[in-house]
Amino acid sequence: MVRVSSEDVPSLQTVLDALDDDDCRAILKRTAEPMTAIELRDACDIPRSTLYRKLELLTDASLLRERETINPGGGRTTKYERDFDDVTISIDEADRFSVSVERPSRSADERLADIWSKMGEEL
């Protein structure tokens with residue numbers, strides 16, 4: 001498992017908002033394997049406009065990851081996949097809450113795909 005680096009740690013409120021949402025939890029249950037937005041819309045019975053807001057909330061909370069692939073015939077396909085093994089919410093001696101997210105280890109191919117996807121966002 002890999003602990004999320006400090007710059008990638010979502011805010012406590014963002015994680016709580018995502019986990020408190022029924023649609024977000026439905027999406028997380030379905031994304032053990034990568035799925036497209038259309039597949040998720042059908043599987044979770046969520047309206048398209050709502051689905052994209054939920055996907056954004058989950059990615060902001062670092063609970064879901066977007067993976068872009070290039071289609072052989074041209075164009076790109078985005079798939080969404082659950083991106084955590086464990087979420088821990090803690091309180092310290094000063095009564096401050098914190099959140100930590102543990103991710104599964106990634107292969108070299110998966111890390112390269114993440115870099116490729118980020119480069120595509122910047123173009």
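Numbers here are sequence positions counted from 1. Just so you know, these numbers come straight off a predicted model, no measurement behind them.
The two residues A37 and L51 come nearest to each other via the heavy atoms O-CD2, 3.1 Å. Across all their heavy atoms, A18 and C24 have their closest contact at O-CB, 3.1 Å.
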Quick one, C44 with K29, criterion side-chain contact (heavy atoms from CB on, under 4.5 Å). Give me CA distance, side-chain angles, the key distance, then yes/no.
CA-CA 9 Å; C44 299; K29 287 178 185 177; over 6 Å; no
Walk me through whether L58 and D83 qualify under side-chain contact (heavy atoms from CB on, under 4.5 Å).
CA-CA 10 Å; L58 287 164; D83 195 27; over 6 Å; no
Verdict with reasoning, L19 to L63, per side-chain contact (heavy atoms from CB on, under 4.5 Å)
CA-CA 9 Å; L19 293 175; L63 301 177; 3.9 Å; yes
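Shown here are the side chain to side chain donor-acceptor pair (under 3.5 Å) partners of D17, two or more places apart in sequence or in another chain: Q13. Remark: L12 pairs with L16, I89, F97, V99 by the side chain to side chain contact (heavy atoms under 4.5 Å, CB included) rule, at least two apart or across chains. Shown here are the salt bridge (charged side-chain N to carboxylate O under 4.0 Å, His left out) partners of D21, two or more places apart in sequence or in another chain: K54. Shown here are the salt bridge (charged side-chain N to carboxylate O under 4.0 Å, His left out) partners of D92, two or more places apart in sequence or in another chain: R96. For R25, the side chain to side chain contact (heavy atoms under 4.5 Å, CB included) partners at least two apart in sequence or on another chain are D22. Listed by chain and number, the residues in a side chain to side chain contact (heavy atoms under 4.5 Å, CB included) with D60 are T14, E56 (sequence neighbours excluded). In this view, K79 and P34, T36, T77 satisfy the side chain to side chain contact (heavy atoms under 4.5 Å, CB included) rule, not counting sequence neighbours.
Judged purely by atom type and a 3.5 angstrom limit, R76 has no side-chain atom pairing as donor or acceptor with the backbone of T69. Remark: side-chain polar atoms of T59 are paired, donor with acceptor, to backbone N or O of L55 under 3.5 angstrom.
Criterion: ILVMFWY side-chain heavy atoms under 4.5 Å apart, direct or through other members. Under it, M35 and L57 are not part of a common hydrophobic cluster. When the side chains of ILVMFWY residues are joined at heavy-atom separations under 4.5 Å, either directly or via intervening members, I27 and Y52 end up in a single hydrophobic cluster.
R53 CZ to I46 CD1: the interatomic distance, rounded to the nearest 0.5 Å, is 10.5 Å. Atoms CZ and CG, from R30 and L40 in turn, are 9.0 Å apart once rounded to the nearest 0.5 Å.
Within the structure, no pair that satisfies the salt bridge (Lys or Arg N to Asp or Glu O under 4.0 Å) test touches residues 31-45, not counting sequence neighbours.
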